[in-house]
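Let me begin by presenting the structure, written as structure tokens, before commenting on it.
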Amino acid sequence: MLERYNPGAIEEKWQKIWQEKQVFRVKAEPGKPKYYLLEMFPYPSGRIHMGHVRNYSIGDVVARFKTLQGFNVLHPMGWDAFGMPAENAAIQHDIHPNIWTRENIDNMRKQLKRMGLSYDWDREFATCDPEYYRWEQLIFLRMLEKGLAYKKSSSVNWCPDCQTVLANEQVEDSCCWRCGNEVEEKELEQWFFKITGYAQELLDEMANLGGWPDPVLTMQRNWIGRSVGCEIDFPIENGDASIRVFTTRQDTLFGATFMSLAPEHPMAMALTTDDRREEVEAFVRKVRKMDKIARTADDYEKEGVFTGSHCINPATGRRIPVFLANFVLMDYGTGAVMAVPSHDQRDFEFARKYDLPLTVVIQPEGEPLDPTTMEEAWTGSGTLVNSGPFDGLDNEKAKEKIAEWLKEQGIGTATVNYRLRDWGVSRQRYWGTPIPVIYCDCCGIVPVPEEQLPVVLPTDVEFTGEGGSPLARIESFVNVDCPKCGAPARRETDTFDTFVESSWYFARFASPKNDQAPVDPEEVGYWLPVDQYIGGIEHAVMHLLYARFYTKVMRDLGFVPANLSEPFTNLLTQGMVCMETVACPEHGWLYPEEVDNGTCGKCGAPVTTGRTEKMSKSKKNVVDPDHLIATYGADTARLFSLFAAPPEKDLEWNEQGVEGCYRFLNRVWRAVSDNIELIRTAGPVTGGAVEGAARDLRRKTHETIKKVTEDIDGRFHFNTAIAAVMELVNAIYAFEGRKEHPEVLREALESVVRLLSPFVPHISAELWSCLGHEQSLEETGWPQWDEDALVADEILIVVQVNGKVRGKLTVPAGADHAEIEKRALAEPNVARFVEGKTVRKVIVVPGKLVNVVAN
RNA sequence: GCGAGAGUGGCGGAACUGGUAGACGCACUGGAUUUAGGAUCCAGCGGCCCGUGCCGUGGGGGUUCGAGUCCCCCCUCUCGCACCA
């Protein structure tokens, strides 16, 4: 055995052995319990970052642990390979997105392999492989047949200068990131997925997601935003039509004193009278000029314009003015809101601004509301007034009664509305999955026949960043014969949102090479659902909701078994990796390696240390995993990212902490190498015969096995599991019975190695082999604790007086309440604090403490 | 703005169901070893008084024999908000 720990050599050695023996290659084995562990696959940006190191280290611990527990573990890896950065690289550096992406994947695969992760690499794929996206196109065609995919008009960010669509992140302060000109809103015909059709099921099935963190479920529930209310028709004065509103507050119907429409509302222009036209059009133009972000996200000023028309409040029969308002969204409800300024704060502010009347219809208990002096809307509960036949009803009761009345009168119905909108999947970009439809002047929208799939992305493209989608300029791609009538037709040039690829990749991993269907139903039946999914909290809503939706769609289309409704049984959301920022007054943000002992490496000026923030290239507070691994080895990199914080919390990177982990591994190495001769011939521990220090070490060993097992399984508290092993190692160093009881020492050392193996697999494998084992750790399995070894003779009891610690006692393990109470009261320090007082109560918590209450 | 979290020594964190606040690690201090440095080993390490004690988990209130943990109000920070992935 080598005297010194040499991570570089042993890591290379064991990675080679694992690869040659195909240790992590799995196949379905009906009858053997399976465990599907999945980490969110990475976007191939070029290099792995610390967030990846952390994510994949966490996943690998669980995968290896479950393997050791005897499960058939599926642990795959792939690439979320479509997306904007590849296209940006093409624009900026004149490199083809495919080449850029493939090179990045090759590099990142190498980096991941260097970490010793237990992936079944045979299942690897990239979403930009035509063999993958052809099945995505097929699923889309089936969705189209079922009406789950459809086209409608929707707005995008448009840069009039570059003549191109911009993503929200490409809009900076309402301006285009490339040219700096102002961004506008523009209407385009786009593809949508009917996720709203699944809104209720997505809500209902959260009841089965007990393995998900509550915050994520809450965020999804709020995102779906179910609300129960009524749709009510307000007839237009002097016309046949009416305006339909959605409201959750039908109890305030009698207080509706005006109407607000979204500026895009289809009736907006028809309702505008000639004398108002100029002003209304100016207002609509102004709202349109705002980009989408400013309009939906910011607390911008509420504004509106009067159309000149009136409609009739169907409850009161009174005529009320119709306004357009910038805060009314066409995407939510019906795009029209009955305004009740007395009981809605936005309507209240709007009414005060434009001098519109208020009617109080809900009277809270206490002082009466006066519409002329109210300073804010009353949104609480109360009794109905000014509401005709409903006066005197409690407002919650009135919601039901008014809903019934609306139905009887034929002017409204009770409905459920969702905040969730259908998923817009069209992107006017090149580097994505082509949407497989053809537009024919005679036949309209024609699906690409299934036997013609995949519609492959053409490669001869020019990237300028201007003039819309590059695909639209490739005539050989665009021009096609109509599959129905044969006449000249045009291909769809939009591509899918990359969230589509990541909505079903987890199912593809069950049968990644299947060339007959998106997935093999038998393989999916065995492997899915994913037992444990691990990824960043930033995906709490969108990715995870889309993946849930897609699973249900694939189920309903018959691609996956009918009982597979949810993709991920358990979810772990990990925190971010952060590091302190450092800046030079002259040179701005500095990389850690540019800082030389508190001064700037470029100019020597003293640097300032800024806040600790999420690692990002722009702030230069990043650590390169390659460098870290080259210096300390993969095991140390893994150990630190697991030890420094529990997985769900943010992790603060700290170089000295890394060294501490490296030191610990050296300490483990020495504990084995220093004792290797002594324990070489030691036999197994044969029962509870040992006493004293040896018995204590045995107890510590088995306590540690129990704690580590419980910390990993379900709780994912790897930091405390590692701390427990550190304690055991400390106990081994302090053990004084090594000569007399080498078998106890051997048991402790072997336990350390086995317990560490999911965290630091290379050093564990090497030490295990040094300890003389022919059988690998994978074959040996996870250690079991011995309940008998855990039994202690004596227990430490804390004694409090009025909740403050005043003493400690050691009592026999079997001592009863009366005896413990007696001994506690006999403690000299207890007597001192009780003196002059009367003991009122003595609380005994078994095995823990005694609290004497006296006053 | 809306939605969801977090706040504990000099630092990262521990305390799982209310029961010894600070496990484990880092940094720091002292000692041993060493030609020296490094590495290693041993000891100490919340604050105040340094004797018993008193104070202490972002701030303020409350419930309880007992609160880091439960309830109410406030402050600060982080994440998501539908074309980033």
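These values consider heavy atoms only, across backbone and side chains, with no hydrogens, waters or symmetry-generated copies. Quick note on labels: first sequence line is chain A, next is B, and so on, each numbered from 1.
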(request) Could you tell me the separation between the CG atom of A/Leu545 and the P atom of B/G3, rounded to a whole number of Å? (result) 18 Å
(request) Would you tell me if any nitrogen or oxygen in the side chain of A/Lys841 comes within less than 4.0 Å of OP1 or OP2 on B/U64? (result) no
(message) Which residues pass the side chain to side chain contact (heavy atoms under 4.5 Å, CB included) test with A/Met576, not counting sequence neighbours?
(response) A/Cys578, A/Lys614, A/Asp650
(request) Please identify each residue that fulfils ring pair (Phe, Tyr, Trp, His ring centres under 6.0 Å) with A/Tyr546, with sequence neighbours left out. (result) A/Trp423, A/Phe499
(request) Send over the distance from A/Leu651 CG to B/G12 P, rounded to a whole Å. (result) 12 Å
(request) With a 4.0 Å heavy-atom cut-off, tell me which residues in residues 79-87 of chain A come close to RNA chain B, sorted by residue number. (result) A/Asp80, A/Gly83, A/Met84
(message) Can you measure A/Leu217 atom CG to B/G5 atom P for me and round it to whole angstrom units?
(response) 11 Å
(request) Could you measure between the two C1' atoms, the one in B/A23 and the one in B/U8, and give it in whole Å? (result) 14 Å
(request) Name the nucleic acid region contacted by A/His539, choosing base, sugar-phosphate or nothing; use a 4.0 angstrom heavy-atom cut-off, strictly under. (result) base
(message) Please confirm whether the shortest side-chain N or O distance from A/Arg421 to OP1 or OP2 of B/A82 is below 4.0 Å.
(response) no
(message) Any base atoms under 4.0 Å from A/Gly536, or only sugar-phosphate, or nothing? Heavy atoms, all strands.
(response) nothing
(request) Using only side-chain N and O atoms of A/Arg670, determine if any of them is under 4.0 Å from OP1 or OP2 of B/C41. (result) yes
(request) Would you please indicate if the ring centroids of A/Phe350 and A/Phe327 are separated by under 6.0 Å? (result) yes
(request) Using a 4.0 Å heavy-atom cut-off across all strands, classify A/Val852 as base, sugar-phosphate, or nothing. (result) nothing
(message) Which residues in residues 40-52 of chain A have a heavy atom closer than 4.0 Å to any atom of RNA chain B?
(response) A/Tyr43
(message) At 4.0 Å (heavy atoms only), tell me whether A/Leu420 reaches a base, stays on the sugar-phosphate, or touches nothing.
(response) base
(request) May I ask you to say what A/Asp711 touches in the nucleic acid, namely base, sugar-phosphate or nothing, with a heavy-atom cut-off under 4.0 Å? (result) nothing
(request) Return the 5'-most residue of the pair A/Cys661, A/Ile843 with respect to RNA chain B, ranking by each residue's nearest nucleotide. (result) A/Cys661
(message) Need one value for A/Arg429: base, sugar-phosphate or nothing, where a base atom within 4.0 Å counts as base even if backbone is also close, heavy atoms only.
(response) base
(request) Sticking with atom C1', work out how far B/C79 lies from B/C74, rounded to a whole angstrom. (result) 22 Å
(request) Provide, to the nearest angstrom, the distance between the CG atom belonging to A/Leu728 and the P atom belonging to B/G25. (result) 12 Å
Would you tabulate the pairs of protein nitrogen or oxygen atoms and nucleotide nitrogen or oxygen atoms of nucleotides 20-23 of chain B closer than 3.5 angstrom?
| from | atom 1 | to | atom 2 | distance (Å) |
| --- | --- | --- | --- | --- |
| B/U20 | O2 | A/Lys808 | NZ | 2.9 |
| B/A23 | O2' | A/Glu727 | OE2 | 3.0 |

(request) Would you indicate what A/Ala644 reaches in the nucleic acid, counting non-hydrogen atoms under 4.0 angstrom: base, sugar-phosphate, or nothing? (result) sugar-phosphate
(message) Say we look at B/U29 and B/A67: how far apart would their P atoms be, to the nearest angstrom?
(response) 38 Å
(request) For side chain to side chain contact (heavy atoms under 4.5 Å, CB included), just list the numbers for A/Ile435 and A/Phe496, CA-CA rounded to whole Å, side-chain angles, deciding distance to a tenth of an Å, and then say yes or no. (result) CA-CA 6 Å; A/Ile435 299 176; A/Phe496 282 129; 3.7 Å; yes
(message) Within the 4.0 Å heavy-atom criterion, would you say A/Asn730 contacts the bases, only the backbone, or no part of the nucleic acid?
(response) sugar-phosphate
(request) Could you check which residues of residues 493-503 of chain A get a heavy atom under 4.0 Å from RNA chain B? Sort them by number, please. (result) A/Thr498, A/Phe499
(message) Distance check, rounded to the nearest 0.5 Å: A/Asn855 atom CG versus A/Arg840 atom CZ?
(response) 4.5 Å
(message) For a quick check of understanding: with a heavy-atom distance under 4.0 Å over all strands, which category does A/Arg419 fall into, base, sugar-phosphate or nothing?
(response) base
(message) Can you confirm whether more than 12 heavy atoms, excluding those of A/Glu835, are under 6.0 Å from its CD atom?
(response) no
(message) We want to know whether A/Glu727 and A/Thr704 form a side-chain donor-acceptor pair, criterion being a heavy-atom distance below 3.5 angstrom.
(response) no
(message) Tell me whether the side-chain N/O atoms of A/Asn222 come closer than 4.0 Å to OP1 or OP2 in B/A4.
(response) yes
(message) Which is more 5' along RNA chain B, the nucleotide nearest A/Met726 or the one nearest A/Pro646? Just name the residue.
(response) A/Pro646
(request) Kindly write out the residues that satisfy ring pair (Phe, Tyr, Trp, His ring centres under 6.0 Å) with A/Tyr132, not counting sequence neighbours, or none if the list is empty. (result) A/Phe125, A/Trp504
(request) Quick one: list whatever passes ring pair (Phe, Tyr, Trp, His ring centres under 6.0 Å) with A/Trp79, sequence neighbours left out. (result) none
(request) Quote, to the nearest angstrom, the C1' distance that separates B/G68 from B/G9. (result) 14 Å
(message) Without decimals, in angstroms, what is the distance between A/Tyr332 OH and B/C2 P?
(response) 16 Å
(message) With the 90 degree cut-off around zero defining syn, does B/G9 come out syn or anti?
(response) syn
(message) Nearest whole Å is fine: how far is B/C16 C1' from A/Lys706 NZ?
(response) 12 Å
(message) Distance check needed: B/A14 P versus A/Ile722 CD1, whole Å only.
(response) 12 Å
(message) Test of understanding: with side-chain hydrogen bond (donor to acceptor under 3.5 Å, both in side chains), list the residues that count as partners of A/Arg832, not counting sequence neighbours.
(response) A/Asn829
(request) Answer with yes or no whether the side chains of A/Arg667 and A/Asn730 bring together a donor and an acceptor at under 3.5 Å. (result) yes
(message) Rounded to whole Å, please give me the gap between CD in A/Gln428 and P in B/C83.
(response) 11 Å
(request) Compute whether any side-chain donor of one residue and acceptor of the other, for A/Trp212 and A/Gln220, lie under 3.5 angstrom apart. (result) no
(message) Over all strands shown, is A/Arg715 touching base, sugar-phosphate only, or nothing at heavy-atom distances under 4.0 angstrom?
(response) base
(request) Report the residues that fulfil side-chain hydrogen bond (donor to acceptor under 3.5 Å, both in side chains) with A/Arg699, sequence neighbours left out, ordered by chain and then residue number. (result) A/Asp696
(request) For RNA chain B, produce a single dot-bracket line, 5' to 3'. Pairs: Watson-Crick or G-U wobble, both distances under 3.5 Å. Symbols: ( ) within strand, [ ] crossing, | other strand, . unpaired. (result) (((((((..(((......[....))).(((((.......))))).(((....)))..(((((..]....))))))))))))....
(request) Could you work out the separation of B/A82 and B/G3 based on their C1' atoms and round it to a whole Å? (result) 13 Å
(request) Under 4.0 Å between any heavy atoms, over every strand shown, what does A/Trp223 touch: base, sugar-phosphate, or nothing? Just pick one. (result) base
(request) Could you tell me whether A/Gln220 contacts a base, only the sugar-phosphate backbone, or nothing, with contacts defined as non-hydrogen atoms closer than 4.0 Å? (result) nothing
(request) Report, as a single string ordered 5' to 3', how protein heavy atoms within less than 4.0 Å touch nucleotides 42-51 of chain B: B base, S sugar-phosphate only, - not at all. (result) ----------
